[in-house]
Participant: 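Below is the structure I would like to discuss, written out as structure tokens.
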Amino acid sequence: MSSDVISRYKKAKQIIESGKDAFVSKYDCKNTVREVIELYSHLKPGESKQESISMCGRIIAIRKHGKLTFADIRDQTGDIQLYLDKKRIGDIYDFFDLLDIGDWISTEGYPTRTARGELSIMVDKLALLTKSLRPLPEKWHGLKDKEVRYRYRYLDLISNPKVKETFTKRSKIINLIRQFLISEGFMEFETPMLQSIPGGATAKPFKTHHDTLDMDLFLRIAPELYLKRLIIGGYEKVFELNRNFRNEGISYRHNPEFTMLEVYQAFVDYREMMNLTQKIILYIIDNLVKGRKISYQENEIDINPPWREMTVLDSIEKFTGVKLSFEMTRNKVSKIADEIGVDFHEKLGVGGIINRIFEKKVENKIIQPTFITDYPKEVSPLAREHSKNPNLTERFELFIGGIEIANAFSELTDPLDQRIRFEQQLYNEEIETELDEDFIRALEYGMPPTGGLGIGIDRLVMIMTDSASIRDVILFPHMRSKKE
RNA sequence: GAGCCGUUAGCUCAGCUAGGUAGAGCGUCAGACUUUUAAUCUGAGGGUCGCAGGUUCGAUCCCUGCACGGCUCACCA
């Protein structure tokens with residue numbers, strides 16, 4: 001045990017032996033720091049106001065000057081300085097010697113502005129709420145070690161104000177999305193996270209087992225097929241905003257569990273989903289930051305519409321100079337892929353290879369908000385065939401900052417076509433799963449024309465908070481366990 | 001899964017080029033101090049140098065393996 005910890009334990013013992021509580025059960029905190037700062041912003045240096053203030057907070061700095069001590073405390077709303085004068089509060093002043101940075105305290109006093117211009121509380125009463133037994137990371141350099149920051153995120157939140165800002169924004173973004181969709185007449189539902197056939201996407205699922213039913217279950221990779229059942233059931237505007245799980249690699253934009261918004265609306269197509277996507281993101285940005293320009297990593301991104309729209313083929317031509325067509329032979333397309341250094345699975349057809357070229361050569365270059373359209377049917381097993389070209393689907397993806405943010409399509413409502421697509425998918429993907437007959441059955445009862453949209457919330461938060469890695473917008477990212 | 005890099009005091013980091021069992025700042029502890037806000041000044045304590053082997057008279061330093069992490073790639077509609 002370090003000397004810091006030992007000394008804190010000693011102080012805690014001393015406090016308890018003196019008859020005080022080092023871990024009290026509650027306290028009625030009447031004022032927040034922000035309130036106090038706003039209420040008394042008018043005080044001039046040297047001026048005081050004889051009004052009693054009662055606050056709670058964590059000690060984040062102590063500056064002792066003999067018979068005078070300054071301490072900064074922090075609550076959720078901000079930081080404020082305490083002014084302790086031994087002449088005014090002899091016993092409390094001595095008691096304060098047993099307190100450390102990190103301790104939670106309650107305090108009462110009156111507001112005053114010091115000669116140096118710092119709004120402070122002249123302390124009359126002060127009590128310990130919770131003793132902190134471990135030292136917090138150093139105040140000036142903060143906590144930098146990424147392993148410690150991710151493993152002990154609470155320390156990261158205490159030490160790095162920007163981190164706290166990021167997660168505050170994340171919470172607001174999620175709240176704004178719900179607020180917007182509900183105001184537009186959508187209803188939020190919760191569909192199974194444990195599914196017997198993981199569908200709605202192609203990804204390796206996490207497997208688990210239910211003992212009583214004695215059946216294998218999978219953590220969902222997407223809620224899609226269940227939300228569509230709700231459309232079939234007669235709800236016309238539905239959404240779900242919750243976690244998906246994919247048992248795949250971790251990268252700056254992939255985490256095994258991630259948060260997804262899925263929205264379905266009856267009687268509309270993917271063009272309307274495009275409008276909705278834009279409306280959601282504009283609603284967020286207008287309620288979150290000033291203006292519609294944000295900087296993401298090295299780039300300035302202009303969220304102000306209209307957003308660019310480009311087909312998959314046009315975007316490939318723009319960024320690689322290569323002209324492709326879905327009417328080309330597989331031989332020709334695969335040769336081109338080889339030439340520009342894109343490898344691909346041998347089972348892929350023309351559409352699959354073109355999609356692969358797009359992913360490898362284009363995606364991360366699309367910085368400004370751009371809707372990419374006309375995705376090949378081969379890689380869109382749940383999307384309706386394009387009305388003008390049977391090789392394509394009515395689908396778009398939205399890219400911002402080089403990251404795929406949204407994916408949407410006019411939903412495939414034809415159960416016969418859906419069966420064929422599922423069968424092709426099972427053949428192509430080598431995923432150990434079975435055809436979801438129950439979903440086909442649901443489609444057979446009739447799904448109205450429907451537009452569907454998925455937005456990757458973690459990635460959207462990355463863009464909105466200028467975070468380079470998805471782990472910076474997930475509070476507790478997964479780590480290997482570490483023996484201590 | 002692969003490559004590269006990292007792991008030294010509570011935190012942030014030096015030291016390793018050329019092997020001789022470790023330093024700084026902040027924090028801690030003791031003392032001084034009635035207007036500080038990275039307070040200041042004086043002094044003290046604090047280390048299994050990630051873990052395990054190997055080479056060596058001697059390893060934080062060189063070598064091997066392992067653990068954990070980071071970045072990049074792979075995987076990922």
Side-chain angles (χ1 to χ4, degrees), chain A residues 1-8 10-11 45-46 60-72 79-88 93 97 100-102 112-120 122 132-152 155 158-160 200-204 221-222 224 246-256 258 312 343 345 348 351-352 354-356 358-360 363 372 375-383 393 395 397 404 407 409 425 428-429 431 454 456 468-469 471 477 479-484:
Chain A
M1 211 188 277
S2 80
S3 61
D4 306 65
V5 178
I6 291 167
S7 112
R8 283 165 183 249
K10 276 186 187 159
K11 289 176 186 170
I60 54 161
I62 298 172
R63 295 177 292 280
K64 288 187 178 169
H65 298 260
K67 296 183 177 66
L68 173 70
T69 292
F70 297 98
D72 298 335
D79 300 352
I80 197 165
Q81 177 169 273
L82 303 183
Y83 189 134
L84 292 90
D85 184 346
K86 182 160 182 160
K87 225 157 68 182
R88 288 173 55 82
Y93 199 89
D97 276 338
D100 292 291
I101 289 168
T112 179
R113 193 176 293 278
T114 63
R116 293 284 179 101
E118 182 80 14
L119 181 64
S120 310
M122 180 61 75
S132 164
L133 295 172
R134 284 177 184 263
L136 294 176
E138 187 234 339
K139 62 196 168 190
W140 186 241
H141 296 91
L143 183 64
K144 291 188 175 171
D145 187 314
K146 282 197 180 180
E147 181 172 359
V148 178
R149 287 184 43 216
Y150 292 152
R151 237 180 247 286
Y152 310 108
L155 294 178
I158 294 167
S159 299
N160 299 317
T202 310
K204 195 178 167 202
I221 55 175
E224 174 151 354
R246 297 185 185 178
N247 202 346
E248 283 164 356
I250 292 172
S251 82
Y252 74 95
R253 60 203 163 97
H254 293 95
N255 197 62
F258 62 101
V312 169
D343 60 336
H345 197 285
L348 290 182
I354 288 176
N355 183 61
R356 176 95 180 150
F358 172 76
E359 286 177 355
K360 288 287 149 192
E363 268 194 19
I372 300 292
Y375 278 80
K377 199 163 150 184
E378 186 182 334
V379 297
S380 317
L382 295 157
T393 51
R395 172 180 174 189
E397 288 190 343
E404 178 197 335
N407 178 19
F409 27 88
Q425 189 192 3
N428 283 337
E429 302 288 348
I431 296 277
S469 166
R471 314 193 97 195
M479 306 274 250
R480 284 200 171 87
S481 56
K482 196 174 186 180
K483 287 169 195 165
E484 293 253 17

Participant: For nucleotides B:C26 and B:U37, find the distance between their P atoms and express it as a whole number of Å.
Facilitator: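 Comparing P positions in B:C26 and B:U37 gives a spacing of 14 Å.
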Participant: Nearest to the side chain of A:Lys139 - B:A38, B:G69, B:U12?
Facilitator: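 Among the listed nucleotides, the one closest to the side chain of A:Lys139 is B:A38.
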Participant: How about A:Arg134: does its CZ atom have over 12 heavy atoms from other parts shown lying under 6.0 Å from it?
Facilitator: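 For A:Arg134, atom CZ is not crowded (no more than 12 foreign heavy atoms under 6.0 Å).
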Participant: If you assign each of A:Lys360 and A:Asn355 to its closest nucleotide in RNA chain B, which residue comes earlier from the 5' end?
Facilitator: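 Nearer the 5' end of the strand: A:Lys360.
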Participant: B:G69, OP1 or OP2 - any side-chain N/O from A:Arg480 closer than 4.0 Å?
Facilitator: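 Yes.
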Participant: Could you tell me if the side chain of A:Glu378 sits less than 4.5 Å from the side chain of A:Asn355, heavy atoms only?
Facilitator: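 No, their side chains stay 4.5 Å or more apart.
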Participant: Return the value, rounded to whole Å, for the distance between atom CZ of A:Arg253 and atom C1' of B:A77.
Facilitator: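 Checked: the CZ to C1' distance equals 12 Å.
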Participant: Kindly give the atom pairs (protein nitrogen or oxygen, nucleotide nitrogen or oxygen) under 3.5 Å for nucleotides 29-34 of chain B.
Facilitator:
unit_1, atom_1, unit_2, atom_2, d
B:C29, OP1, A:Ser7, OG, 3.4
B:C29, OP1, A:Lys11, NZ, 2.3
B:C33, N3, A:Gly66, N, 2.9
B:C33, N4, A:Gly66, N, 3.3
B:U34, OP2, A:Lys67, N, 3.4

Participant: Does the side chain of A:Pro256 come within less than 4.5 Å of A:Asn247's, by heavy atoms?
Facilitator: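 No, side chains not in contact.
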Participant: Could you measure between the two P atoms, the one in B:C4 and the one in B:C13, and give it in whole Å?
Facilitator: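 About 24 Å, rounded to a whole number of Å.
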Participant: Does the base of B:A77 carry an N or O that pairs as donor and acceptor with the side chain of A:Ser380 under 3.5 Å?
Facilitator: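 Counting by modelled atom types and ignoring angles, no donor-acceptor contact under 3.5 Å is found here.
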Participant: With sugar-phosphate meaning primed atoms plus P, OP1 and OP2, does A:Gly352 contact a base, only sugar-phosphate, or nothing at under 4.0 Å between heavy atoms?
Facilitator: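 Counting heavy atoms under 4.0 Å across all strands, no contact is made by A:Gly352.
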Participant: Which whole number of Å gives the distance between the C1' atom of B:G69 and that of B:U28?
Facilitator: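 B:G69 and B:U28 have their C1' atoms separated by 28 Å.
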Participant: Counting only N and O atoms by type, is there a donor-acceptor contact under 3.5 Å from the side chain of A:Tyr93 to the main-chain atoms of A:Leu68?
Facilitator: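 Present.
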Participant: Measuring only the P atom in each nucleotide, how far is B:G1 from B:A38? A whole number of Å is fine.
Facilitator: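 Taking atom P in both B:G1 and B:A38, they lie 47 Å apart.
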Participant: Expressed in angstrom and rounded to an integer, what is the separation of A:Lys146 atom NZ from B:C11 atom P?
Facilitator: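 Whole-Å distance recorded here is 18 Å.
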Participant: Roughly how many Å apart are B:A44 and B:G50, using the C1' atom of each and rounding to a whole number?
Facilitator: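 Each nucleotide's C1' atom is 29 Å from the other's.
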Participant: What are the two closest non-hydrogen atoms of A:Gly200 and A:Glu224, and how far apart are they?
Facilitator: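 Smallest interatomic distance, heavy atoms only, reads O-OE1, 3.5 Å.
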Participant: Could you give the CG-to-C1' distance, from A:Leu84 to B:U37, as a whole number of Å?
Facilitator: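 It is 14 Å, rounded to the nearest whole Å.
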Participant: So, for A:Ile60 and A:Asp79, which heavy atoms are closest and what is the spacing to 0.1 Å?
Facilitator: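 For A:Ile60 and A:Asp79, the tightest heavy-atom pair comes out as CD1-OD2, 3.4 Å.
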Participant: In whole Å, what separates the P atom of B:G27 from that of B:A39?
Facilitator: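 That atom pair is separated by 6 Å.
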Participant: Kindly indicate whether the side chain of A:Arg149, heavy atoms from C-beta on, has any atom under 4.5 Å from the side chain of A:Arg471.
Facilitator: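 Counting from C-beta outward, A:Arg149 and A:Arg471 never come under 4.5 Å.
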Participant: Rounded to whole Å, how long is the line connecting atom NE2 of A:His141 with atom C1' of B:A14?
Facilitator: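 A:His141 atom NE2 is separated from B:A14 atom C1' by 12 Å.
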Participant: Please determine, for the side chain of A:Ala201, which listed nucleotide (B:A77, B:C26, B:C13) has the closest atom?
Facilitator: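 So the nucleotide nearest the side chain must be B:A77.
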Participant: Please examine the side chains of A:Asn407 and A:Tyr375, heavy atoms only from C-beta on, and report whether any two atoms are closer than 4.5 Å.
Facilitator: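 Of all side-chain heavy-atom pairs linking A:Asn407 with A:Tyr375, none is under 4.5 Å.
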Participant: Name the residue closer to the 5' end of RNA chain B, choosing between A:Ile62 and A:Arg246 according to the nucleotide with the nearest heavy atom.
Facilitator: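 This one resolves to A:Ile62.
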Participant: Heavy atoms from C-beta onward define the side chain here; which of B:C75, B:G25, B:G27 lies closest to that of A:Glu138?
Facilitator: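 Side chain of A:Glu138 sits closest to B:G25.
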Participant: From CZ of A:Arg63 over to P of B:A39, roughly how many Å is that when rounded to an integer?
Facilitator: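 Between P of B:A39 and CZ of A:Arg63: 6 Å.
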Participant: What I'd like to find out is whether the side chain of A:Phe409 reaches to under 4.5 Å of the side chain of A:Thr393, using heavy atoms alone.
Facilitator: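 Answer no - side chains too far apart.
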Participant: Starting at CH2 of A:Trp140 and ending at P of B:U28, how long is that distance when rounded to a whole Å?
Facilitator: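 Those two atoms, CH2 and P, are 17 Å apart.
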Participant: Which pair of non-hydrogen atoms, one from A:Ala201 and one from A:Arg246, has the smallest distance, and what is that distance?
Facilitator: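 In this case the closest contact between A:Ala201 and A:Arg246 is CB-NH2, 3.4 Å.
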Participant: Reckon A:Gly200 touches a base, only the sugar-phosphate, or nothing at all at heavy-atom distances under 4.0 Å?
Facilitator: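 It contacts base atoms.
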Participant: Quick one: which of B:A77, B:G69, B:C13 gets closest to the side chain of A:Pro381?
Facilitator: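 Between B:A77, B:G69, B:C13, the one nearest the side chain of A:Pro381 would be B:A77.
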Participant: Using the C1' atom as the point on both nucleotides, what is the distance between B:G46 and B:C5, in whole Å?
Facilitator: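 30 Å, rounded to whole Å.
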Participant: Once pairs are restricted to Watson-Crick or G-U wobble with both distances under 3.5 Å, how does RNA chain B read as a dot-bracket string, [ ] for crossings and | for other-strand pairs?
Facilitator: (((((((..((((......[..)))).(((((.......))))).....(((((..]....))))))))))))....
Participant: Does a salt bridge link A:Lys360 with A:Asp343, judged by any charged N lying under 4.0 Å from a carboxylate O?
Facilitator: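 A:Asp343 and A:Lys360: not salt-bridged.
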Participant: Between A:Pro137 and A:Leu155, what is the shortest heavy-atom contact and its length?
Facilitator: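 In this case the closest contact between A:Pro137 and A:Leu155 is CD-CD2, 4.0 Å.
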Participant: Could you tell me if the side chain of A:Arg356 sits less than 4.5 Å from the side chain of A:Val379, heavy atoms only?
Facilitator: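 Not in contact.
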Participant: For A:Arg149, answer base if it contacts any base atom (sugar-phosphate contacts may also be present), sugar-phosphate if it contacts only those atoms, and nothing otherwise; contact means non-hydrogen atoms under 4.0 Å.
Facilitator: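 If one applies the 4.0 Å heavy-atom cut-off, A:Arg149 turns out to touch nothing in the nucleic acid.
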Participant: Ignoring backbone atoms, establish whether A:Lys204 has a side-chain N or O less than 4.0 Å from OP1 or OP2 of B:C75.
Facilitator: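 No, no such contact exists.
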Participant: When you check the phosphate oxygens OP1 and OP2 of B:C75, does a side-chain N or O of A:Arg356 lie under 4.0 Å from one of them?
Facilitator: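 Yes.
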Participant: From the options B:U37, B:C11, B:A39, select the nucleotide whose nearest atom is closest to the side chain of A:Leu143.
Facilitator: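 Selected nucleotide (nearest to the side chain): B:C11.
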Participant: Quick one: which of B:C68, B:A77, B:C75 gets closest to the side chain of A:Arg151?
Facilitator: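 Shortest atom-to-atom distance from the side chain points to B:C68.
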Participant: What is the distance, rounded to the nearest whole Å, between atom OH of A:Tyr252 and atom P of B:G70?
Facilitator: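 So the two atoms are 16 Å apart, to the nearest Å.
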Participant: Which value, in whole Å, describes the distance between the C1' atoms of nucleotides B:C16 and B:G6?
Facilitator: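 Each nucleotide's C1' atom is 15 Å from the other's.
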Participant: Tell me which nucleotide among B:G25, B:U37, B:G10 gets nearest to the side chain of A:Pro135.
Facilitator: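 Closest of the options to the side chain of A:Pro135: B:G10.
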Participant: Side-chain contact, heavy-atom cut-off 4.5 Å: A:Lys139 with A:Ile101?
Facilitator: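 Heavy-atom side-chain distance check fails, nothing below 4.5 Å.
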Participant: Just call it for A:Tyr375: base, sugar-phosphate, or nothing, with non-hydrogen atoms closer than 4.0 Å on any strand.
Facilitator: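 Result for A:Tyr375 = nothing.
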Participant: Reckon A:Ile250 touches a base, only the sugar-phosphate, or nothing at all at heavy-atom distances under 4.0 Å?
Facilitator: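 Result for A:Ile250 = base.
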Participant: With the criterion being N/O to N/O and under 3.5 Å, what pairs connect the protein with nucleotides 3-8 of chain B, and how long is each?
Facilitator:
none

Participant: Side-chain contact test, heavy atoms from C-beta onward, threshold under 4.5 Å: evaluate it for A:Asp72 versus A:Arg63 and give yes or no.
Facilitator: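 Yes, close enough: below the 4.5 Å cut-off.
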Participant: Taking CD1 from A:Ile101 and C1' from B:C26, how many angstroms apart are they, rounded to a whole number?
Facilitator: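 Value for this atom pair: 10 Å.
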